[in-house]
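Beneath this line is the structure, given in structure tokens, with notes to follow.
What you see is a predicted model; the values in this text were computed from it and never measured. Just so you know, these numbers use all the heavy atoms, side chains as well, and skip hydrogens, waters and symmetry mates. Chain identifiers are assigned alphabetically (A, B, ...) following the order of the sequence lines, protein sequences preceding nucleic acid strands; residue numbering begins at 1 within each chain.
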Amino acid sequence: MEDFAQPIVNGILLGGLYAIIAIGMSTMFGIVKLVNLAHGDLMILGSFLSLSLGTWMGIGPLWTLLLVVPIMYFVGFFVQGFLLNRVLGKEMEPPLLVAFGVSIILQNLLLMIYTPDARSLMTDLAVKTIPITSYLNIPVIYLLDALIGVAVITILYLLFQRTYLGRAIRAASDDEVAARLMGVNTRNIYAKAMGIAMMSAGVAGVLVGMTFTFYPHTGPQYLIIAFGVVVIGGLGSMKGTLAGGLILALSQLLGAQIFGPGYQLFCGYVVLLIVLAVRPQGIFGTV
Amino acid sequence: MKKAIYNSRWYVLAALVLILGIVPLMGDQYLLFFCMLFFLYLALAQMWNLLAGYSGLISLGQQSFVGMGGYVVAVMSNYYGVYIWLGVLLGGVFSALLGLFMSLFIFRMKGVYFAIGTWIFSEALLIWFSNWEYTKYGMGLFIKPNPNISMTEIYYASLIVGVGSVALVYGILRSKLGLGLMAMRDDEAVSETMGVEVFRSKLYCFLIGAFVTGSTAGILYIFQVFIQPYKAFAIDWTVKLVFIVIIGGIGTLEGPIVGAFVFVLLSQTLAEYFSVSMLILGAIAILVILIAPKGIMGTLQEKLGFEILSPRRK
């Protein structure tokens with residue numbers, strides 16, 4: 001049991017991080033029925049933005065959030081407004097492929113600017129731990145990830161439930177034509193929704209950068225994590241997203257504990273494929 | 001006039017294939033190399049086109065079969081001394097078997113779920129192969145062909161898969177299976193009511209695609225000599241195929257031919273600047289989807305009403 005205490009605690013905390021990585025994608029999936037294949041790369045863009053801003057202004061990663069989050073809003077707004085909105089509605093393939101194109105462009109742009117070296121956002125939190133027992137420590141950075149993750153998801157939930165923008169977004173997602181008849185500019189609303197989704201991705205990017213190393217090519221890896229969380233948790237459900245994050249992170253870390261660290265990601269994928277095959281609508285989703 | 005051109009198309013095509021057949025005799029190494037890459041990418045892209053353009057299966061996991069085909073060739077010739085072309089065929093067979101296994105999971109998914117499901121499978125395979133002692137972990141394998149083969153032989157093999165893939169898809173589309181596929185693409189529910197076996201047709205296409213992709217990858221890796229999981233199972237493969245098919249025209253037989261030519265030309269010209277070439281590929285793909293969603297050949301066909309290889313019966 002002592003061997004498993006640490007992976008379980010880490011898995012639960014990491015679940016919060018996974019949930020915030022996924023929440024933006026889940027939101028867009030729910031609203032526009034769009035799978036943003038560039039989600040992971042846009043999130044990594046957030047990490048690199050924070051890196052540049054941090055070194056340029058000499059501030060810590062958490063402070064860069066003040067700039068990264070608004071910048072990411074505009075990035076999301078433009079990607080949706082100028083690219084994805086144009087191909088919405090016809091068939092499923094064009095938006096998927098445009099997003100794929102954005103992903104390739106971003107990856108290679110980052111590669112050109114930042115070289116393929118491993119980067120991380122330096123913070124003294126990364127090495128601190130809170131000792132609980134002789135065999136169990138809580139890494140401060142994981143705790144921070146989980147807390148911020150839960151906080152961001154709660155804020156998004158309130159935004160969607162309580163504000164006019166949130167109601168308009170939900171209306172546009174439920175019935176686009178009716179929403180337009182009620183005076184909602186749905187295309188503009190989609191762009192704003194993507195902006196909001198990218199704000200959460202920006203936060204996720206900074207947290208990921210503080211917790212792990214990242215490269216220009218790590219985007220797809222996080223896209224799969226995000227997709228896994230969305231699939232396990234079910235679409236458009238905030239609770240489901242949190243639960244999905246927990247399940248995926250726990251299966252990865254427990255898998256690594258049992259089969260060796262090389263199989264950490266592999267175990268996550270296997271759990272994901274099993275869930276997909278058995279319940280394609282997700283554990284918490286309805287058909 | 002138009003009819004005369006149309007009727008003589010088989011002779012023109014045969015002459016073209018014949019000319020491509022004597023390329024190794026011309027002695028131009030660059031031309032040989034260029035045509036070989038063209039055929040290999042044509043075969044891979046035509047298979048993605050068969051899936052995405054005709055069967056409604058957007059697969060983002062073609063690299064599973066690329067890696068499988070390459071690794072089977074490497075393992076067979078290095079460990080068991082299997083005759084190299086037999087190894088290539090076995091690569092196709094193993095890829096089809098892998099496809100059959102994958103179908104247990106991913107054929108329950110639809111649309112986007114299917115796309116990501118195939119991708120996750122490839123990622124899982126990547127990790128599996130990089131942790132597998134049998135395939136030398138992530139260090140990769142050098143392929144030692146048995147017997148030693150010349151560039152010319154590799155060229156003819158790629159010519160066969162390249163031309164063969166076009167002929168195969170043409171044949172499929174003219175068959176009952178193809179008729180069902182096109183009916184499915186237009187309206188799945190109606191075609192199912194009319195007696196098209198949707199599930200089985202899709203599965204056949206997926207397995208055919210896996211087989212051809214696997215064998216083509218085998219030839220490609222004989223040429224490349226070295227195989228490594230991080231490259232063989234990388235999403236980059238599918239990126240390239242998507243690009244080729246989109247540029248050329250998805251759901252047309254000629255599309256992948258034009259697309260593969262443009263792709264090989266672009267990637268050879270920009271070979272020194274790898275990330276720039278990928279960047280340009282991505283940008284061109286987006287532009288094409290926004291401006292001419294049917295690609296080069298699709299748009300031309302719409303404007304001119306002329307198809308060289310029409311799957312329709314006249």
Side-chain angles (χ1 to χ4, degrees), chain A residues 29 33-35 37-38 82-83 86-87 90-113 115-116 216-217 220-221 223-224 226-228 230-231 259-270 272-282, chain B residues 52-53 56 58 60 102-117 119-128 130-132 137-138 185 230 234-236 238-240 242-243 245-246 250-251 273-291 293:
Chain A
F29 208 171
K33 314 287 174 293
L34 165 88
V35 175
L37 287 184
F82 287 97
L83 295 175
R86 289 171 182 234
V87 285
K90 291 166 202 159
E91 284 149 51
M92 191 200 82
E93 293 94 355
L96 202 66
L97 296 173
V98 168
F100 205 38
V102 172
S103 146
I104 299 161
I105 292 178
L106 268 179
Q107 269 181 38
N108 289 289
L109 206 61
L110 291 174
L111 191 65
M112 281 165 68
I113 302 172
T115 70
H217 278 299
Q221 192 185 322
L223 169 69
I224 293 181
F227 187 78
V230 172
V231 165
F259 302 107
Y263 290 97
Q264 175 169 342
L265 290 170
F266 186 78
C267 292
Y269 295 148
V270 169
L272 191 51
L273 283 170
I274 292 171
V275 171
L276 267 175
V278 180
R279 272 184 75 87
Q281 73 274 31
Chain B
I58 303 256
L60 296 181
M102 280 168 77
S103 70
L104 294 178
F105 297 86
I106 55 176
F107 266 68
R108 300 182 54 124
M109 310 169 198
K110 281 208 161 52
V112 169
Y113 287 94
F114 179 87
I116 313 265
W119 188 3
I120 293 171
F121 231 104
S122 306
E123 293 292 316
L125 279 172
L126 193 165
I127 296 169
W128 184 262
S130 58
N131 281 294
W132 200 9
Y137 306 108
R185 182 187 57 182
Y230 303 107
I235 184 75
D236 300 28
T238 301
V239 173
K240 291 173 189 166
V242 170
F243 171 81
V245 176
I246 294 291
I250 189 167
Y273 319 97
F274 174 76
S275 53
V276 181
S277 77
M278 290 300 276
L279 200 92
I280 294 175
L281 290 186
I284 294 179
I286 290 183
L287 274 179
V288 169
I289 299 171
L290 291 183
I291 297 165

If you count heavy-atom pairs under 4.5 Å between each of [options] and chain B, which one has the most?
options: A:Gly101, A:Ala99, A:Ser103; value: A:Gly101
options: A:Val278, A:Leu83, A:Leu276; value: A:Leu276
options: A:Ile274, A:Val231, A:Val270, A:Ile105; value: A:Ile105

Can you tell which part of B:Ala285 gets under 4.5 Å to a heavy atom of chain A, answering side chain, backbone, both or neither?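 It is neither, since no heavy atom gets under 4.5 Å.
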Which bit of [X] is near chain B, if near means a heavy-atom gap under 4.5 Å: side chain, backbone, both or neither?
X: A:Leu223; value: side chain
X: A:Leu111; value: side chain
X: A:Leu272; value: side chain
X: A:Leu273; value: both

Got a sec, which residues hit side chain to side chain contact (heavy atoms under 4.5 Å, CB included) with B:Ile280, two or more places apart in sequence or on another chain?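 Side chain to side chain contact (heavy atoms under 4.5 Å, CB included) list for B:Ile280, sorted by chain: B:Leu270, B:Val276, B:Ile284.
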Output the distance between atom CZ (A:Phe82) and atom CD1 (B:Ile286), rounded to the nearest 0.5 Å.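 Spacing of CZ (A:Phe82) from CD1 (B:Ile286) equals 14.0 Å.
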Could you label the plane-to-plane angle of the B:Trp128 and A:Phe266 rings as parallel, tilted or perpendicular, counting under 30° as parallel and over 60° as perpendicular?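 If you compare the ring of B:Trp128 with that of A:Phe266, the planes turn out tilted.
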Under the rule for side chain to side chain donor-acceptor pair (under 3.5 Å), what residues qualify as partners of A:Thr115, not counting sequence neighbours?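 Side chain to side chain donor-acceptor pair (under 3.5 Å) list for A:Thr115, sorted by chain: A:Asp117.
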